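Here the structure comes first, spelled out in structure tokens, and everything after it is commentary.
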Amino acid sequence: MASKESAGMEIGIYTLADIGPDPLTGRMLTAKERVKEIIQAAKLADEAGLDVFGVGEHHRLDYASSSPAVILAAIAQVTKRIRLTSTTSVLSTLDPVRLFEDFATLDLLSDGRAEILAGRGAFIESFPLFGYSTNDYNELFEEHMDLLLQLTQNETVTWSGKFRPSLKDAEIAPRPVQEKLPVWIGVGGTPESAVRAGRFGVGMALAILGGNPSRFKLLVDFYRQTGINAGHAPETLKVGVTGHAYLAKTTQQAKDEFYPYYSNYWGYVNRQRGMATRMSRADFEHMTSPDTALFVGSPQQVIEKILKQYELFGHQRFLAQLDIGGQPFKNVAKGIELLATEIAPVVRRETSK
């Protein structure tokens with residue numbers, strides 16, 4: 001059987017389960033409807049042959065997913081081969097034991113397809129919700145990641161730290177199907193985060209949402225060099241790229257269809273952060289130009305962007321966020337089909353050489 005490396009880049013999709021009004025119709029889904037659509041999207045992605053499906057974590061009424069493991073467990077029952085990951089789990093405010101046990105259970109339900117993508121979180125609503133202080137933002141993540149990795153390696157754990165009660169010969173159950181549950185760290189753009197991922201020897205998933213992707217090359221170099229210096233085998237230091245995407249038969253069609261939804265998306269995200277910034281069509285045109293990181297266009301244009309980034313990073317995985325801004329499900333389904341049938345085969349072939 002061919003290895004993952006020789007099979008080329010893994011291609012998948014992810015969702016943060018945002019709930020926003022459709023800017024063209026004004027219709028807004030309920031949380032129940034949104035979750036049902038996410039499960040259907042995962043089923044389509046699996047049937048189309050994509051490799052990975054991710055679900056994010058937010059603790060707000062305008063997002064439908066505060067518990068990725070539960071939604072992924074439902075997805076596990078209607079899919080057969082697609083890998084299932086969080087994108088991301090806010091590890092700073094999660095108990096690492098509970099997180100590991102949830103995803104180990106998901107691994108059992110999915111016959112060994114579970115992964116954890118851990119991050120510090122772009123939103124901070126989980127800190128007061130679970131009794132943590134943002135003053136401990138970095139220290140919490142470091143401590144929780146240290147414990148999480150010990151849990152992936154050992155059936156019984158003895159551990160002590162600053163923020164969580166100590167463990168003495170604690171049995172960590174259940175154990176996953178996989179010998180070791182894969183863990184990645186999500187990195188938004190800071191060298192410190194890239195260095196941390198390399199030091200821990202876990203995968204690094206770059207969130208590249210705009211601008212020229214070449215600015216992230218230094219982070220990949222930091223990550224790999226730190227990992228090697230820490231004694232991790234180079235082949236275990238995997239890089240993923242995640243980003244916003246919209247696909248159509250032509251680039252002009254993709255831009256015309258996506259602009260209302262992308263502008264809408266950033267409109268309500270900025271309002272959530274206390275800003276009133278609106279995206280003009282001129283701003284959008286600049287963001288979708290060929291030398292930027294936004295994957296909006298025809299299959300050929302998106303292939304070229306992915307491969308251009310591959311030349312920079314040599315990454316092993318690409319995940320597209322297709323469902324933002326209150327889009328109708330038919331748009332998302334069309335994107336899944338184009339990604340799976342027209343983009344993935346070419347990218348896999350070109351990256352397996």
Side-chain angles (χ1 to χ4, degrees), residues 13-21 28-42 52-79 83-107 109-110 113-134 136-137 140-141 144-145 147-148 151 163-164 181 183-186 188 205 207 242 244 265 268-274 319 321-327 329 332:
I13 61 175
Y14 71 104
T15 180
L16 300 185
D18 58 295
I19 303 175
M28 187 153 73
L29 299 181
T30 65
K32 175 183 174 180
E33 290 170 326
R34 189 73 169 94
V35 167
K36 296 285 188 184
E37 283 194 355
I38 288 168
I39 295 170
Q40 182 61 23
V52 187
F53 190 88
V55 177
E57 175 192 344
H58 282 82
H59 299 269
R60 308 173 53 93
L61 290 171
D62 41 14
Y63 289 83
S65 172
S66 60
S67 180
V70 175
I71 296 177
L72 291 169
I75 289 169
Q77 301 307 291
V78 297
T79 56
R83 294 195 66 77
L84 306 173
T85 184
S86 53
T87 49
T88 62
S89 294
V90 185
L91 182 58
S92 302
T93 56
L94 288 168
D95 181 80
V97 175
R98 179 77 269 175
L99 177 66
F100 174 82
E101 292 183 343
D102 284 347
F103 276 80
T105 303
L106 173 64
D107 208 50
L109 290 167
S110 64
R113 293 184 278 140
E115 300 184 5
I116 297 171
L117 171 53
R120 293 180 299 171
F123 288 74
I124 58 171
E125 68 272 358
S126 62
F127 282 80
L129 189 64
F130 297 114
Y132 292 103
S133 170
T134 53
D136 302 317
Y137 190 72
L140 273 165
F141 187 84
H144 285 186
M145 177 59 72
L147 176 54
L148 177 64
L151 302 172
F163 299 102
R164 188 202 185 283
L181 203 60
V183 176
W184 297 63
I185 287 180
T242 69
H244 298 156
Y265 173 75
Y268 60 70
V269 168
N270 285 333
R271 283 194 298 276
Q272 291 160 8
R273 294 172 171 172
L319 300 183
Q321 188 180 2
L322 293 172
D323 65 343
I324 54 179
Q327 294 176 60
F329 186 72
V332 179

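Bear in mind the structure is a predicted one, so any value in this text is a computation, not a measurement.
Applying the salt bridge (charged side-chain N to carboxylate O under 4.0 Å, His left out) test to Glu33 and every residue at least two apart in sequence or in another chain returns Arg27. Partners of Ala31 according to the side-chain contact (heavy atoms from CB on, under 4.5 Å) rule, which considers only residues two or more places apart in sequence or in another chain, are Ile19, Ala64. Listed by chain and residue number, Arg164 satisfy the salt bridge (charged side-chain N to carboxylate O under 4.0 Å, His left out) test with Asp95 (two or more places apart in sequence, or in another chain). With sequence neighbours excluded, the residues satisfying side-chain hydrogen bond (donor to acceptor under 3.5 Å, both in side chains) with Thr15 are Asp323. With sequence neighbours left out, the side-chain hydrogen bond (donor to acceptor under 3.5 Å, both in side chains) criterion links Tyr268 to Asp18. In this structure Thr93 satisfies the side-chain hydrogen bond (donor to acceptor under 3.5 Å, both in side chains) test together with Ser126, sequence neighbours excluded. Looking at residues two or more places apart in sequence or on another chain, you find a salt bridge (charged side-chain N to carboxylate O under 4.0 Å, His left out) between Glu115 and Arg83, Arg317. In terms of the ring pair (Phe, Tyr, Trp, His ring centres under 6.0 Å) criterion, residue partners of His59 (sequence neighbours excluded) are, by chain and number, Phe130. Applying the side-chain contact (heavy atoms from CB on, under 4.5 Å) test to Leu94 and every residue at least two apart in sequence or in another chain returns Glu57, Ser89, Leu99. Residues passing the side-chain hydrogen bond (donor to acceptor under 3.5 Å, both in side chains) test with Gln327: none are found, sequence neighbours excluded. Remark: Ala207 pairs with Thr242 by the side-chain contact (heavy atoms from CB on, under 4.5 Å) rule, at least two apart or across chains.
Contact between Pro128 and Ile124 at its shortest, heavy atoms only, is CD-O, 3.3 Å. Contact detail for Leu117 and Gly186: the closest heavy-atom pair is CD1-N, 3.3 Å. Here the closest non-hydrogen pair linking Ala73 and Leu109 is CB-CD1, 3.8 Å. In this structure, Ala205 and Trp184 approach most closely via the heavy-atom pair N-CE3, 4.0 Å. Of all heavy-atom pairs between Leu322 and Val332, the closest is O-CG2, 4.1 Å. Nearest heavy-atom pair across Leu151 and Phe100 is O-CZ, 3.6 Å.
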Q: Give the C-alpha distance, both sets of side-chain angles, the deciding distance and a yes or no for side chain to side chain contact (heavy atoms under 4.5 Å, CB included) between Thr79 and Phe53.
A: CA-CA 10 Å; Thr79 56; Phe53 190 88; over 6 Å; no
Q: Apply the test side chain to side chain contact (heavy atoms under 4.5 Å, CB included) to residues Val90 and Phe123: give CA-CA distance (whole Å), side-chain angles for both, the deciding distance (0.1 Å), then the verdict.
A: CA-CA 9 Å; Val90 185; Phe123 288 74; over 6 Å; no
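At a threshold of 4.5 Å between non-hydrogen side-chain atoms, the residues Ile75 and Ile71 count as touching. Put simply, the side chain of Leu140 reaches to within 4.5 Å of the side chain of Phe127, judged on heavy atoms. Leu16 is not listed as a side-chain neighbour of Ile324, based on a closest heavy-atom distance of 4.5 Å or more. Side-chain atoms of Tyr14 and Thr85, non-hydrogen and from C-beta on, never get closer than 4.5 Å to each other. Ile38 is not listed as a side-chain neighbour of Ser65, based on a closest heavy-atom distance of 4.5 Å or more.
Classification of the Tyr63-His58 ring pair by plane angle, with boundaries at 30° and 60°, yields parallel.
For the atom pair CG (Leu181) and CG (Leu148), the distance works out to 8.0 Å, reported to the nearest 0.5 Å. Between the CD atom of Glu37 and the CD atom of Gln40 there is a distance of 9.0 Å, given to the nearest 0.5 Å.
Taking the six-membered ring wherever Trp is involved, the centroid distance between the rings of Tyr132 and Phe163 does not fall below 6.0 Å.
Around CG of Leu29, the count of heavy atoms belonging to other residues, nucleotides or ligands within 6.0 Å exceeds 12.
Looking at Ser86, its side chain never comes within 3.5 Å of a backbone N or O of Gly56 through a donor-acceptor pair.
Applying the salt bridge (charged side-chain N to carboxylate O under 4.0 Å, His left out) definition to pairs two or more places apart or across chains, those involving residues 61-79 are Arg60-Asp62.
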